[in-house]
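Positions are given from 1 along the sequence.
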Amino acid sequence: MTEKREWTYEGTELAWLGDRLGRPEAGPGHVVSELVPSGYDAYLRIFHRFEATDGSGRSRTWRTRAECLAVPFRAEVSHRWLRDEDRGPGRPLWLAEAGALDDGSRRALARALTEVSGDQVVCFAYGLAALLRGEDEPLVRRARLVDLETVRESVRDVVGESGPEFWWPQDRGWLVATDYDLVSTYVGCSAETAEVLLGDDELETLPVTLRTRVDV
């Protein structure tokens with residue numbers, strides 16, 4: 001018989017999220033408020049870049065893919081709308097990774113948030129990824145933003161290439177959420193921080209709201 005394992009943030013460093021995550025009213029699908037807590041001035045979607053599967057190291061933005069396929073580029077655009085059905089011989093498949101920002105975007109985000117939060121200690125937390133790999137509670141590491149890659153390397157044997165699922169600084173002035181199953185990352189922050197992220201040329205970002213669908 002398969003053992004049923006209960007999973008809760010209660011009693012862990014993620015407990016503060018518990019009462020602030022969820023949806024205010026019933027509706028179809030899943031929305032930003034289930035990933036990022038209420039109470040922030042601004043909410044953003046950061047798109048994980050599409051990367052070629054031919055080993056060339058090439059990548060493309062969602063906007064570029066959308067324009068090529070005549071798909072509107074908007075807050076609820078789905079990666080499923082951006083599939084190129086007619087690949088043809090020699091043409092690579094373009095995939096965006098689920099559960100982890102691409103390397104360039106992750107490093108750019110860490111640099112941008114360092115401008116906002118300086119050397120504050122940041123919590124990097126793994127929830128579902130830790131559960132799926134047999135952990136009994138969320139896996140949390142504390143470090144500065146400049147040490148993010150070191151943190152990821154230190155937990156690679158446990159959670160693989162995913163995450164972190166949540167990051168936030170001591171003052172909780174922003175929160176980054178990368179769901180294990182999604183190909184975009186969501187951020188809650190101040191209006192000033194949102195301007196910084198939206199203005200960063202290395203990040204592909206659009207404003208969203210707590211009611212924006214994340215699973216279209």
Side-chain angles (χ1 to χ4, degrees), residues 28-36 40 42-116 129 145 148-149 152 160-167 174-189 191-216:
H30 296 282
V31 296
V32 172
S33 64
E34 296 175 75
L35 302 177
V36 184
Y40 289 106
Y43 294 87
L44 304 174
R45 177 182 180 180
I46 301 177
F47 298 86
H48 302 180
R49 291 178 69 92
F50 285 96
E51 298 180 333
T53 58
D54 59 2
S56 64
R58 291 179 296 166
S59 65
R60 288 182 177 175
T61 65
W62 286 56
R63 183 184 293 275
T64 298
R65 295 285 294 160
E67 289 175 351
C68 288
L69 298 171
V71 172
F73 182 62
R74 61 192 189 201
E76 291 186 343
V77 64
S78 170
H79 67 286
R80 289 183 285 271
W81 305 347
L82 305 181
R83 291 174 179 163
D84 191 349
E85 300 296 342
D86 182 21
R87 290 172 55 199
R91 295 179 62 185
L93 182 65
W94 294 88
L95 296 176
E97 185 174 0
L101 269 167
D102 58 278
D103 292 347
S105 297
R106 187 178 61 253
R107 292 187 174 103
L109 179 58
R111 285 195 300 270
L113 291 174
T114 297
E115 294 180 22
V116 174
L145 284 164
L148 171 56
E149 297 308 311
R152 295 187 79 242
E161 297 292 337
S162 67
E165 187 174 342
F166 297 106
W167 346 341
W174 46 263
L175 179 129
V176 176
T178 304
D179 186 86
Y180 187 79
D181 292 321
L182 299 182
V183 293
S184 290
T185 289
Y186 293 85
V187 181
C189 58
E192 293 77 14
T193 299
E195 287 186 17
V196 171
L197 300 184
L198 288 165
D200 193 311
D201 292 338
E202 296 185 65
L203 295 171
E204 186 172 29
T205 310
L206 283 179
V208 295
T209 72
L210 288 172
R211 292 180 174 83
T212 299
R213 286 279 298 274
V214 300
D215 61 343
V216 289

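- How far CG of Asp215 is from CG of Leu182: 7.5 Å, rounded to the nearest 0.5 Å.
- Taking all atoms of both residues into account, the shortest heavy-atom contact from Val208 to Ala75 is CG1-CB, 3.8 Å.
- Summarising the geometry of Arg106 relative to Leu101, their closest heavy-atom pair is NH1-O, 2.9 Å, with the distance given to 0.1 Å.
- From Arg49, atom CZ reaches atom CZ of Arg60 across 10.5 Å, with rounding to the nearest 0.5 Å.
- For the pair Val31/Val214, no side-chain contact is recorded, criterion being any heavy-atom separation below 4.5 Å from C-beta on.
- In this structure, Arg45 and Ser184 approach most closely via the heavy-atom pair NE-OG, 2.8 Å.
- In this structure, Ala100 and Thr178 approach most closely via the heavy-atom pair N-CG2, 3.7 Å.
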Passes side-chain contact (heavy atoms from CB on, under 4.5 Å), Glu51 versus Leu95? Steps please.
CA-CA 5 Å; Glu51 298 180 333; Leu95 296 176; over 6 Å; no
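- Contact annotation: the side chain of Val187 never approaches that of Tyr40 to less than 4.5 Å [non-hydrogen atoms, C-beta and beyond].
- Side-chain contact between Glu204 and Ser105 is absent, with no heavy-atom pair separated by less than 4.5 Å.
- Side-chain atoms of Arg58 and Ser56 form a donor-acceptor pair, as typed in the model, at a separation below 3.5 Å.
- Closest of all the heavy-atom pairs between Ala96 and Val183 is O-CG1, 3.3 Å.
- Taking the side chain as every heavy atom from C-beta outward, Val176 and Leu113 approach each other to under 4.5 Å.
- Side-chain contact between Val116 and Cys189 is absent, with no heavy-atom pair separated by less than 4.5 Å.
- Side-chain atoms of His30 do not come within 3.5 Å of backbone N or O of Arg213 as any donor-acceptor pair.
- Looking at heavy atoms from C-beta onward, Tyr43 lies out of side-chain contact with Thr212 at the 4.5 angstrom threshold.
- A distance of 13.5 Å separates CD of Glu195 from CG of Asp200, quoted to the nearest 0.5 Å.
- Between Val32 and Thr209 there is no side-chain heavy-atom pair separated by less than 4.5 Å.
- Under a 4.0 Å N-O distance rule, the pair Glu202/Arg111 qualifies as a salt bridge.
- Counting only distance, with no hydrogens or angles, the side chain of Glu67 and the backbone of Thr64 share no donor-acceptor pair below 3.5 Å.
- Taking the centre of each ring, Phe166 and Tyr186 stay at or above the 6.0 Å mark.
- Taking the ring centre of Phe50 as origin, the terminal cationic atom of Arg65 falls inside the region bounded by 6.0 Å and 45° from the ring axis.
- With rounding to the nearest 0.5 Å, the separation of CG in Leu203 from OG1 in Thr61 is 12.5 Å.
- Under the 4.5 Å side-chain criterion, counting only non-hydrogen atoms from C-beta, His79 is not in contact with His48.
- Atom CZ of residue Phe47 and atom CG of residue Asp102 lie 12.5 Å apart, to the nearest 0.5 angstrom.
- Between the CG atom in Leu44 and the CD1 atom in Ile46 there is a gap of 6.5 Å [rounded to 0.5 Å].
- Checked against a 6.0 Å centroid threshold, the rings of Trp62 and Phe73 do not count as neighbours.
- Looking only at distances, a side-chain donor or acceptor of Arg152 sits under 3.5 Å from a matching main-chain atom of Glu161.
- Contact record, Gly29 with Glu34: O-OE2, 4.0 Å, taken as the closest heavy-atom pair.
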